[in-house]
Amino acid sequence: MPFDSPAPRASFNDEDSNRSANPHFDAIVQQRLSRRTLLRGAAAGAAVGGLALGGCATTGASDGMHSPLTTLGFTPVAKSLADTVQVPQGYRAQVLYALGDPILPGAAAFRNDGTDTDFDKRAGDHHDGMEWFGLDAAGKPSERFASRGLIAMNHEATTDEKLTSFFLHADGGAASLPRKAAEVDKELMIHGLSVIEVQAGSGGWSYRKDSAFNRRITTMTPAEIHGPARGSAHLVTRYSPDGTRTRGTLNNCGTGKTPWATYVSGEENWFGYFHRDAKDDERRGKKDASVVALERYGRKAGAASRHGWESAGAQDMYARWNNSATGASAQGDYRNEMNGFGYIVEIDPYDGSKALRKRTALGRMGHENATFARPVAGQPVVAYMGDDSRGEYIYKFVSAARWDPRDAHATDRLAVGDKYLDQGTLYVAKFKEDGSGEWLELSMRNPIVAANPDFEFKSDADIAIFTRLAADAVGATRMDRPEWGGVNPKNGEVYFTLTNNSNRSLDGAMAADAANPRVYTDMNGSKKNNGNVNGHIIRMAEGQAHAMAFRWDIYLFASEAGADKGAINLSNLDDSNDLSSPDGLVFSPSTGICWIQTDDGAYTDVTNCMLMAAIPGQVGDGGKKTLAYKRADGSEKRVDTHAGKAQSSVTFKRFLVGPRGAEITGWCESPDGRAMFINIQHPGENTKMADIANPAKYESQWPANAGYGAGQRPRSATIVITKVDGGRIGT
Ligand code: FEO
Ligand code: CA
Ligand code: CA
Ligand code: CA
């Protein structure tokens, strides 16, 4: 098989700073694990064995689910390079809420020509994960009412080139430092979250411009630090001398809905927004623990920031993006500002009066989403999370408090969040070659010795803030960019997309292993991609969500239909269901369909990004597979893996293809399953800033070309999909 060592890539969405030499399976330094953890793992392993005999897990069976589907009732959509949203026959897609749409008093209609301001009162950019929160006719929270609700969503980032978010500025903006304050002010406000009220009427769905529930959270919104990191010296800044507060949330990617009806959002590629000057290591001391941590989180001394916000003026709102130790002490500067980002944040979408809460017990990483196991009365609350960078890990949080079903209907929802999300234990996944796996505890009960002697874990706050270093130390399995996780309501199994990994190789630090077995080369037009080019989806069966062990297999190997079926297209995909770079993944609570979304840069010579629908089986429905590789010197390497059963075009189909340059992301539905909301992120992102005055050269003009809104500049947007006959989506 052809193989070249991967070329380094510089992309803010493709971070790569895991230099740990973590072994993959057997050579783990077991003495670092407490005897207790090992014993608990062994006991849970027995439970998993029992599960295998029983044939199905016990955590599943969503209360709200209609009868689970066995086939998908639509004709698949063909791959496409058109600048449109394509859905199956019998469905309609309508644009609902696009970048710049006004949602708060004082914002005028969006002109979409780069002259708009007041982005704190408008839709943010790069719509990403989202969740539905129902309202009844009286405007009270409702889990059943299907024609009125709130949608909370993430605004991850913005389409940029050479510092500037060019579609936001009339002339594209200044592409050099220092940035202009008037440009930065807009860019600071298009990041964060939205809450909007939506309703179904005779003309379809719309958002209510005048709803009192409408809300924007930006990079400047007050935020409280909760959990073990609260008050840590590592969080002390000029803004928060006692380390209990920060401002805003940043690069919010995936989401989750808690069992108590709040919204959680993952801060993903936040590190790229911070500047560190070239002398910062010397001032801190080269062996200072903070230098070790900054490098592990992707910020070397001399690192330039993505937008240069720190250069726009001396005011605090700009200065805070300079993460260098410039003052006499941490109280006088923003050397610790980055440590306030990288968390799961929680808001109450029904109550805009409370600050957002950063739930540090769930660890600090490039968070995608947090997906919750179905809560069981008297058992801990469990959430699963991925850290999306090359070679990073999959995590699980197990609450200290036991679930009380009455909390599902509490009115002080953030107080319930305090109860379940501020105390608990974080675990990181280790996938073993034999198809079993283990959750490794990250806490001071289980002494954690960092690989780098210059970094010492002294408290649970240190583990919460420097989670990646702790996971390195216990020997977690380095994965191919863990993106969203989802829990199958039918059987409680946990799915994670592993979107791709250009650094996966045959040998070396990220050598192919059972859980990340593919290494190959594929062309995208004239561009050569290496490693795990198209990504895969791994799944775990635990028996009980708080178990310490699991069985796993690979549900899906994403691939081009025409690729080698013995080495690449291992799931037997055809033209109706081939895909690349799975990213978003959500199980519908109403139908059990697993919706899979792509954010791809490998198959884009053939098709735009897409939304797939799947009815998966269960862990173990396939079998063992051995991949045989030839090294350049002629020697052979064999990798054993565990594959789910081959895909069928009956239970795995392409449902939607998006416009040019866009990723498909974000998923929620009305509780009756008859309206599905999807986000179209960054259409036209490959447009050149030099072409800003020439719309004909834009890569995309969506959604204006679909009849939505003014101007021709492409806009990220939420769409709503309904069936023409009013039926449930996908059936
Ligand atoms: Fe925001 Fe990892 O995608
Ligand atoms: Ca190709
Ligand atoms: Ca993602
Ligand atoms: Ca993405």
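Indexing begins at 1, ligand by ligand and atom by atom, following the structure's order. Keep in mind that what you see is a predicted model, and the values were worked out from it rather than measured.
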Checklist entry - Which class fits the ring pair Trp309 and Tyr273: parallel under 30°, tilted 30 to 60°, perpendicular over 60°? => result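 Ring orientation, 0 to 90° scale: tilted.
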Next on the checklist: ring pair (Phe, Tyr, Trp, His ring centres under 6.0 Å), that's the test. Do Tyr384 and Phe397 meet it? Break it down for me.
Outcome noted: CA-CA 6 Å; Tyr384 304 90; Phe397 173 79; over 10 Å; no
Next on the checklist: Rounded to the nearest 10°, what angle sits at atom 2 (Fe) of ligand 1 between OE2 of Glu268 and OD2 of Asp388?
Outcome noted: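 OE2 of Glu268, atom 2 (Fe) of ligand 1 and OD2 of Asp388 span an angle of about 80°.
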Item to check | Residue Glu483, metal atom 2 (Fe) of ligand 1, N/O/S under 2.8 Å | outcome: yes
Item to check | salt bridge (charged side-chain N to carboxylate O under 4.0 Å, His left out) partners for Arg215, two or more places apart | outcome: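 None.
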Checklist entry - What's the OD2-the Ca ion (ligand 4)-OD2 angle here (Asp599, Asp583), rounded to 10 degrees? => result 90°
Item to check | atom 2 (Fe) of ligand 1 - closest N/O/S atom in Glu368 | outcome: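 It is OE2 of Glu368.
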Item to check | Heavy-atom donor-acceptor pair, Ser559 side chain to Ala561 backbone, under 3.5 Å | outcome: no
Item to check | Any donor-acceptor pair under 3.5 Å from Ser716 side chain to His682 backbone | outcome: yes
Checklist entry - Counting backbone and side-chain atoms alike, does Glu156 have an N/O/S atom under 2.8 Å from atom 1 (Fe) of ligand 1? => result yes
